[in-house]
Every structure is written in C-alpha cells, then in structure tokens.
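Read the numbers this way: they start at 1 and go in the same order the structure lists the ligands and their atoms. Computed over heavy atoms, backbone and side chain alike; hydrogens, waters and symmetry mates excluded.
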Amino acid sequence: MEYSILVTFYEKIESTTKRLEMTDLLVTLFKKTPPTIIDKVVYLTQGRLYPEYVGIELGVAEKLALRALSMATGLSLEELEAELKRAGDIGVAAERALSRKKVKSLLDFVSSAQALARKLMVEEVYNTLDKVARATGEGAQDTKISLIASLLRHASPKEAKYLMRTITGRLRLGIADMTILDALAIAFCGGKDARSLVERAYNLSSDLGHVARVVSESGLEGLKYFKITIGRPIRPMLAERLTTAEEILEKLGGKCVAEYKYDGERIQAHKLSSNVILFSRRLENITHHYPDACEIIRNHVKAEEAIVEAECVAIDPDTGEMRPFQELMHRRRKYGIEEAIKEYPVSLFFFDCLYVDGQDLTNQPYPKRREVLMKILEPSERAMPATYRIIDRVDELEGFFEEAISEGCEGLVCKSLAPDSIYQAGARGWLWIKFKRSYQSKLVEPIDVTVVGAFWGKGKRAGKYGALLCAVYDPDADMFKTVCKVGSGFTDEDLEKIPGILQPYVIEHRHPRVDSKMKADVWFTPSVVIEIIGDEITLSPLHTAGLGVLKPDAGLAIRFPRFTGRWRFDKSPEDSTTVKELVEMYKMQLKKIET
Ligand code: AMP
C-alpha cells in the first residue's frame, strides 16, 4: 500500500471537527488496507510503531531530524532551523523545505526525479522507522540520519510533513483506542454491535494492531482464540465512585470486602520464572523504573507464571510510613535510578491476581482470585496483601474508612463479593467502588480533568497561558466536555513549565472529540490530565459537561477551580473523571445542602 494513501487520510482526519466522521474515515482506510499490514497501519495512525507496552518509541530529536532533512534537500541546517522557527512545526517546515529542494547539477536533478518516481510504500516507511527507533550505541545518530534521509528523498512534500511528525513523535491525531475498535467492528465484524467482542480481545491483549490483524483476516471467528499472554498487559479494571457508606453497601448488596486505597502507582506485574515485567495503569512498560519492585515480586510471588496487581507506594526509609503519591513520582526518572531507589524506597500492596500457571482467573469471582493471591504471596514488610475487612454495616464501613485515612491512605476501594464479581478488564463498573476522602465538607472532591484549550494571560501572565480550559470525559459519546477554566493554584514554576508541556499537543482548531461552547485561544489534542479542586459544582450555561442532564441548556461547572499541583501523567485522558461521576457528585452535594 502506498504511503500517500495514509497521508491523504491524515489530512482528512486533521481537518474534520466531527467525531463520527473520524470513525467513517477509519473504516474506509481499514477496508483499503491489506490484512498483512493492517497492524502497522493501526500503529502508525496512532503515531507509534508498536503497542505502548512494548516500549519501543519514535521520538527522534528535532535537531537530528533537521540534519536528515538537510541531507535529503541540500538546504543548509541554518536555513532549515529558520524555516522551523517560522513554521513552528517540524512537519510544515519539512513540507516547505521539500518544495524548494536545492538541485545543484543536472545529475542531481535526474537522480532526484528518479527517486521521486518511486512511490513510498507503507511497509518501507514502517520498516525504516523501526530501524530508526532501534538504532542504539556508537554511530546510532548517523545511522538514524541516513535512514530518515533515505525516506525523505522518495517523499513528496506532503509525505515529508507527516513523516517528520511521526519520526519526532509529534503525529498526534488524537484518535482514541475506542474509535479504532468501533471502526474495526464496522469494517470487519458486521457492524458496531460486535464492538464489545472486539473490545474484549483488546482488553485481554492491549494490542490494537494484533486485534486488527485478527479481525481483518478472520472476522469475529478469529476472536475466539484470544487468550491472556504473559508479557502482554491486561487493561486494568477501574472503580466507580460513591461518597457515602450507605450508598456503597446498598450498591454492593449489603456486604462487601473493603480494602485500603493506597496512594501510589498501580502496577500490573507479569512474572515468568525469574523474569518480571511491570506495566503502569496506562500500560507503559515501567520495569526499569522499579528494579526493587521487580526483586520483591521475584522473591515473594511463589508461582512460575503469574499476573498480579499491586499498588506501589513510596515509604519513608526511616519510619516505614507511607509517603504521598507526589513523592513516588521521583521514581519516574530516566537517570539516577539507583539513588532514587535509596531515597524513595517502595512497598507493594497486592490486591488482585489475574493469571497463575496457565490458569486465566479473570472470569473467577473476586473471593476466589483473592484466595489464589494469598496462596502465592509470601508476605514481607515490603510485600503485603492490601489490608481488608469484610463488612456489612454502615458504621463499620465508616470506621474502617477513618482508619484507612489515618494510616495515610486515600480511602477505601469496596469490592463486590458476588458470584459475578469477575475481573472486568478495561471497564469501570460497580463491582469496585471507591470511597474517597472529601477534603472539606462543602468542597468538591478533587477531580481529574483533561486540558483541551488555553486562554492567553494578561498583566504578569502576558504572553503566557493565563487559564486552561478543562474537560471531563463522556465515555458513551467518546467526547471531552468542558467543565471549567482553571487559572489558579499554579506556582510560578508550573506557569513556566506549562507551555512546554502543552506545546506538543497544540492544534489549529477545536479537536473533534472536544465539545465546547467556549472559544479557547489555543486548542489541544486531549492528552494532558491534571487534578483540580473547587468550591462546589454549579449549573452553568457555559459548559457542556452534563448539558441538559439536570436542566435544559445548562451543564455543570466547577466553581473557583484550582490546580492541586498534581500532574496526572499516569492517567490517559480517557481516565479523567467522567460526566456521569460529576452528575453523581452534584446530586450528592445537593443532598448535603438539604440535610
Ligand atoms: P482512581 O485512580 O481514583 O480511579 O482509583 C482507582 C485506583 O486506586 C486504582 O487504579 C489503583 O491504582 C488504586 N488502588 C489503591 N488501592 C487499591 C486496592 N486495594 N484495590 C484496587 N485499587 C486500588
């Protein structure tokens, strides 16, 4: 398949502001794609080469990419740097550079024309980019430059635009996994109704390319053979949220197991003999950040093969007490890992077991999974099962909640004990309910929002972003709906950092997955998640979250929103607080005011 087909698709996706059109475009693309390369097309469309968990990333430095561009066009590095400055985007800079390529001689002209006559194919692009991503060690830079230049020589200006964005890790079309699943169901499985089956395969493998390959080759039939594999992360089960013990017990049938909700980082550990791989909640491979956690699992999980889940919590080396989440984030560094291990040691609190020695436990009820977990876990000071209690009384649940808070936890996760309490991979459901602390009685609990736009600042903040337009997530519509403009709570350091953090996601118009009545000065592809807190949730005609749910023409907004200082880089935008949760929180707040 010619790479230009992909490029035409990218252009269309970039110009649409309609969510449904994105799916239609994907369906057309997938139908056109030969099954043998559909996995590659899916990865490339997401700006990557492999599923995230593999950890092989593009992301060539701009400088290096420009050197390749210089080699392919004959333009000097200075000229290209100036072009990049003008364009503000490496893709556009490359497109312009290729349009005014320097031809030094007749021979040059002929060879350049010959190069262009040969069309770039998707396979060639993919394989070359793969070599670029894998080149390491001495001479790696030169290898990367000549590989990239070899592609650019055969590229049209438009192709160069997207090649450069892909190579530098800047192809951010903002196509959600769920949109791809919809498109696959429509293209190969008879329609959107098959989406849940396609999704189950994805939830067990976390590999969209693999799922695409299977359904494009053998339709729904092929999905029957999907099974859990060590090394391929299972998409995590998520919890719903309620704010009172009564409601939680009622929802869980009067009885539940309540567990401490530790304030750390969720890890899914895959163990095969003495090999351990750790995946984050977003399914990145984070093994190298936590060699100490790997060691704990190697020594304390007594099974040849296992997939277990635990919360990894920073502890004070002097007192053994738990430290807050922010402290743990010091461990997410690239260098100096040895020192970080000493300064910020961790403990693991295990709470689930999904697979042991060939046996898939995800369809087993939670009590059974917990029983297996207790069998294979050899507890120690650094490896403990999550503290839990089986509870059937409201006062007892409230008491246990207070105990969890005083131990430094965020609250409780209350879990169903029913026969159907399976592990719902990739789903947020009512089998797990979080019971979190409210920071002040009237105050809204902190919520996680996705940054979708920004407004220029004034006065001291002139030339910088003065406020960020933030949104919650609506999974049913797969849309981000605005809920507030946040301008406070940022330290001077945050304000300095914000443009750099958001710059890679700047787009020219509102993203098709963003629903907003406000017109931001700058729009972003939904990517960055922050935690905010406010005074209360109010009805608002300005925001689109929950629009029309409680009152026609009014959505919900956060009054006096403030950034709490927590960048949630561990969360994907789809992990933001949902519209439904916000509506629930609003109703709870009304109840509190009434009583
Ligand atoms: P939230 O991030 O607020 O949606 O809360 C769910 C998160 O709580 C999970 O993703 C885990 O990282 C964390 N957690 C802490 N303790 C537990 C536990 N005992 N069971 C399940 N999740 C837990």
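Classification of E304 and K271 as a salt-bridged pair fails, no side-chain N sitting under 4.0 Å from a carboxylate O.
Taking the ring-ring contact (aromatic ring centres under 6.0 Å, His included) definition, one finds that H270 meets it with F279, sequence neighbours left out. Every residue two or more places apart in sequence or in another chain that forms a side-chain hydrogen bond (donor to acceptor under 3.5 Å, both in side chains) with T564 is listed here: E531.
Judged by the 6.0 Å and 45° rule, R266 forms no cation-pi pair with F351.
The stretch residues 419-430 participates, sequence neighbours left out, in no salt bridge (Lys or Arg N to Asp or Glu O under 4.0 Å) pair at all.
The 4.0 Å heavy-atom shell around ligand 1 contains residues E259, Y260, K261, Y262, R266, R281, E311, F351, A386, V413, K415, W432, K434, K436, K571, ordered by chain and number.
For the residue pair E309 and Y423, a side-chain donor N or O sits within less than 3.5 Å of a side-chain acceptor on the partner.
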